[in-house]
Structures are given as C-alpha cells and as structure tokens.
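Remember, it's 1-based here, ligands and their atoms both numbered in the order they're listed. Both backbone and side-chain heavy atoms feed into the values below; hydrogens, waters and symmetry mates do not.
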Amino acid sequence: MPESTSDLGDVIPVPAQVRPVPAADFTISDSTAIAAAPGAEQLAVLLRAATGHRLPVRAGAAEITLVIEENSDHGDEGYALTIAADGVTLRAATPAGLFWAAQTLCQLVPVTGSRLPGGEIVDRPRFGYRGAMLDVARHFFTVDEVKAYIDAIVEFKINHLHLHLTDDQGWRLEIDGWPRLTEISGGPGTGVDGAGPGFYTRAEYADLVAYAAQRFVTIVPEIDMPGHVNAAQVAYGELTGDGNPVQPRTDQEVGYSSLVAGKEETYAFIEDVLREVAALTPGPYLHVGGDEAEATSADDYRTFMARVLPLVAKYGKRAIGWHEMAAVDLPETAVPQFWRIEEADEGTARAAVNGSKVIMSPADRTYLDMKYTQQSPLGLDWAGLIDVARAYDWDPATRLPGVGEESLLGVEAALWAETLRTLDDVMTMTFPRLPAIAEIGWSPRETHDWPSFRRRLAGFGPRWAARGIAYHRSPEIDWT
Ligand code: TNX
C-alpha cells in the first residue's frame, strides 16, 4: 500500500469510514489560506499548533473551507473531511462537528512536514457522552492546569469533563452564603497529605466552563454526597449529627463521613449548593456522587436521595450519580455511573430496564489512577494494574448483564488524585490510556483492533513531547 493511503486512517479515535485517494494529497504551504466562516479562526489556531504556520483567514475562496450543512445526516457531532489536491473541506451539521473534523485534520498533519493524505473521512461518534474525570478535591489543580488538560483531551474528541469538586479532604468551589467551605476546606493544609490547597472562585469556575464550552466540552460538576463530606463538616458544624464541626482529614480513607438524612439543615445546605452550581453550569448534568456512603444507613440513604434528586430537577438539571445511587428508585432522567470491578450490578441493570441511561467507568479498565505496572511511581492498585492493552481491550456494551448498547449514555475515564501532585503527574496517568477509552467511546465497535490502535498510538509520542505533555512510555508501544 502506498504510504499516503494508510496514513488517512491514522487517527485516534479511528474514524467510522475512511476512503483514501492516494493521488489526491494536499500540501499546506505559506500560500494556504482558510475561507472566513464560523470556526475558521479556531481552526487557524489549531493548525498553527500542528504545523507551525499561521494560516490567514480570508474572505472569499481559499484552499481550506468549513461548511455547516444544516439538513445533513452528520448528526450532532459527526462530520465529513475531504482532502484533495486543490484543497481541504470540512463539513458538519453543527459547530461541534466542525471542531471534531478540525481535530482529525490536525492529527493528519505529520509531526515534521505538511503533506496531508488525500481522500475522504466520514465520521460520527458511537456514544454522545465521552468523558474524563479529574479529582480536584484530593489535590487541587488550578484553572490554567485544567485548561491545559482540556486542550490535551479534546484532541481525542472527549466532550465531557467531570470535575470531582468536593470530598473528605477538600471543598474546591466557592458557594455564596457558605464562605467557610472554601476559606477553611479550600485553604492551606487541605488535600491528601495537606499538599493540595486551593479552590475556584465563582468567576474562575465560570471562566473554566466557558473555556471548555468553546472547545465543545461540557463541564459536569460533582458535589459528592451523602458520604465524602468531611471537608463540609469541618467548615459547618450544623452539618454533623451533634452540631459540632469535625477535625480536618488529609488521609486517604473513604466511607467514614455522612451528611445527616434526618436534619433539615442538611437539605437547606444542599439546596443552596445545588442551586448555585446549577446556575453556574450551563450543561445539562449535576453529579451528586452517592458513592461509598458506608457511614449512612440504607434507610437514610434512600431518605436522602429522595430529597436530593428532586432538587436537581428543580434547578433544571439531570442527576448523574455513582451507581450506588441506583439502590433507590430513580427517575428515568437520572444517570448511574458504574465504577466497580464486579461482573454484574443489580441496581444499574434495574435502572437500565426502567429507562435510565448509564455511563460506564469500570475501575479495572477506565481508572486512570491505577498503576500501569507494579513499578509505576504514581497511582493506586486496588482495581488491578491497567496497561494500555487492558484500557483498550473491552466493550462497554457487554460489560454488565442487562446494560446493553441502547442503555449506554457513554463512557468516562476517571482520574483520582490521591497520589498526584503536579500537572505532569496528571498527564502521565492520562496518556496514553485516555486515547484508548476515547476510541472505545467514539469509534464503531467493529473497528476495534489492538494491533491497529497500538500502531496509531505510537505516532503520538513525539506530538506530546513537542507540546510539553508528559506521558507514560508504555513498553507495549513501539514509540517512534
Ligand atoms: C474509589 S470511584 C472512589 C474514590 C477514590 C478511588 C481511588 C469512587 C466512586 N470512589 O473515592 O478516590 O476509588 O481509586
């Protein structure tokens, strides 16, 4: 096969359809321009990072064209990308589709050189929800660090960023009327080992949400409850059983804290928090945690969720919760997120039968905080070791009995931060495993192929290196 024909499909996630036309290569040069249109400036910025050339955006005809085709069958995020000898065309029904087309185009630019392989790609995602989760509670990451993370994940068409904003060791979002949450529990000495202080003001959070939205990423804020609340109970004594604040904790234990289901103060607090977070977050989801509530009785858990789930709806949002939430009767709109390593889960299956959509995050495949190998300096290993092949080699539609393709909202890879301290730590655990989860979430089931993925992935090492993104040089990949 001539080199250019195989190159056209060298994209992660692999596109749904690839039709190479080997004679139709296009070379980006100093005289290449982009035709003025919505999305053109953003494409120029992306291509500058990929090629080093700042292509001009000009009115009238130009070699690179973006076209919105409103009555097409590209869907919400699909696109067509045509590369021919005389130019490149990106087509989609939506700006998001054009943005994903632009990401594909940038991946086709060689690390050195500027020849694009000729042909046509027609592509659309398998699932509408393709998420990454970052734990900013166990260790706080700044707005700039999270923006760098967003830039790195959109390359793989990840379209949701779930922020785990609160936990036992810290509270990271300013809430009007409850200032001690962040003054105390976002202050010095918070986070695991006291090493991760910080919080987002409401303005900073809004800025992050807007930055994500410009890149077609929906922020999913998580306020974990009724467990994982020690940081809130440090700040406000009325949230504890005896009315006295508790001591701060910076260890890695889980399952010891709980809000009090039988106290009205609890719901006054939760309503204030949910109302504010909903107002600051344009996306459709609020994540209410619900995991590892080992210090909450089963009865109290039901009482609590029966009060909280309607509040989420009251403020116009859909609830996502870790799958323990499915122990209660859920409204159809609620989304359980499966995170365990067991082969089956009765609650999640029942929720699916009742019409809920499910997010798949099985810890033994998608937890980016698991060590790659026993030698990995960062990470935990309670869900096993996860090398790149293990992150890639599974199918979300057959993972849980009773939860098939039609019951899935999508997939999400979670990065918990107990052992992380720097942005390099974050990137090292994320890359190259997140691209595996991204391909599972975007590409058709029948395209999944480890030898192909492994070969395509090798090309990303130099790209990450050039952009200063730390990654784990897994020995499974023949890095170029
Ligand atoms: C389990 S996953 C947790 C987190 C920990 C994580 C560490 C989940 C819903 N709860 O509290 O950070 O394991 O891997």
Side-chain angles (χ1 to χ4, degrees), residues 131-141 160 162-172 185 190-193 195-196 220-232 249-259 285-296 301 305 319-328 334-342 345 347-348 351 358-372 376-386 390-391 399-400 411-421 425-426 428-430 433-434 437:
M133 190 214 82
L134 186 60
D135 171 12
V136 295
R138 271 59 170 272
H139 187 94
F140 180 70
F141 295 98
H160 289 77
H162 166 184
L163 293 174
H164 184 76
L165 291 165
T166 67
D167 213 302
D168 291 318
Q169 303 88 342
W171 184 287
R172 309 305 182 185
S185 293
T190 60
V192 166
D193 297 339
V220 178
E222 179 184 353
I223 307 294
D224 204 347
M225 60 183 99
H228 292 274
V229 293
N230 196 73
R249 285 189 53 170
T250 59
D251 58 275
Q252 300 188 26
E253 271 307 304
V254 295
Y256 59 84
S257 62
S258 179
L259 291 172
Y285 305 110
L286 284 192
H287 200 304
V288 295
D291 58 313
E292 298 174 320
E294 290 154 29
T296 317
Y301 190 88
M305 284 297 172
I320 304 180
W322 300 108
H323 69 268
E324 287 99 317
M325 179 180 74
V328 312
V335 179
Q337 178 169 14
F338 177 74
W339 66 273
R340 289 290 310 176
I341 59 178
E342 285 75 14
D345 186 70
T348 310
V358 173
I359 297 172
M360 276 292 166
S361 301
D364 54 332
R365 303 288 183 171
T366 69
Y367 267 29
L368 301 176
D369 64 316
M370 291 301 118
K371 290 175 178 290
Y372 289 89
S376 297
L378 302 170
L380 306 175
D381 62 4
W382 66 265
L385 302 171
I386 305 181
R390 190 158 174 80
R399 180 61 179 75
L400 279 186
V411 294
E412 182 172 294
L415 181 51
W416 301 96
E418 288 92 332
T419 67
L420 311 181
R421 297 294 177 266
D425 291 350
V426 167
T428 303
M429 298 308 272
T430 299
R433 290 181 293 194
L434 184 67
I437 305 302

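- Only one option out of His287, Glu324, His323 pairs with Gln337 in a side-chain hydrogen bond (donor to acceptor under 3.5 Å, both in side chains); it is His287.
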Please report the C-alpha distance between Glu222 and His162 in whole Å, then the side-chain angles of each, then the deciding distance to 0.1 Å, and finally whether the side chain to side chain donor-acceptor pair (under 3.5 Å) criterion is met.
CA-CA 7 Å; Glu222 179 184 353; His162 166 184; 2.7 Å; yes
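- Applying the salt bridge (charged side-chain N to carboxylate O under 4.0 Å, His left out) test to Asp381 and every residue at least two apart in sequence or in another chain returns nothing.
- Remark: Phe140 engages Tyr200 in a ring pair (Phe, Tyr, Trp, His ring centres under 6.0 Å) (not counting sequence neighbours).
- Asp167 is linked by a salt bridge (charged side-chain N to carboxylate O under 4.0 Å, His left out) to Arg138, counting only residues two or more places apart in sequence or in another chain.
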Could you give the N/O to N/O pairs under 3.5 Å linking ligand 1 and the protein, each with its distance?
from     : atom 1 : to     : atom 2 : distance (Å)
ligand 1 : 10 (N) : Asp291 : OD2    : 3.0
ligand 1 : 10 (N) : Glu292 : OE1    : 3.2
ligand 1 : 11 (O) : Arg138 : NH2    : 2.9
ligand 1 : 11 (O) : Glu292 : OE1    : 3.3
ligand 1 : 12 (O) : Arg138 : NH1    : 2.9
ligand 1 : 12 (O) : Glu418 : OE2    : 2.6
ligand 1 : 14 (O) : Asp369 : OD2    : 2.6
ligand 1 : 14 (O) : Trp382 : NE1    : 2.7

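- Here the straight-line distance linking atom CG of Asp168 with atom OG1 of Thr190 works out to 12.5 Å at 0.5 Å rounding.
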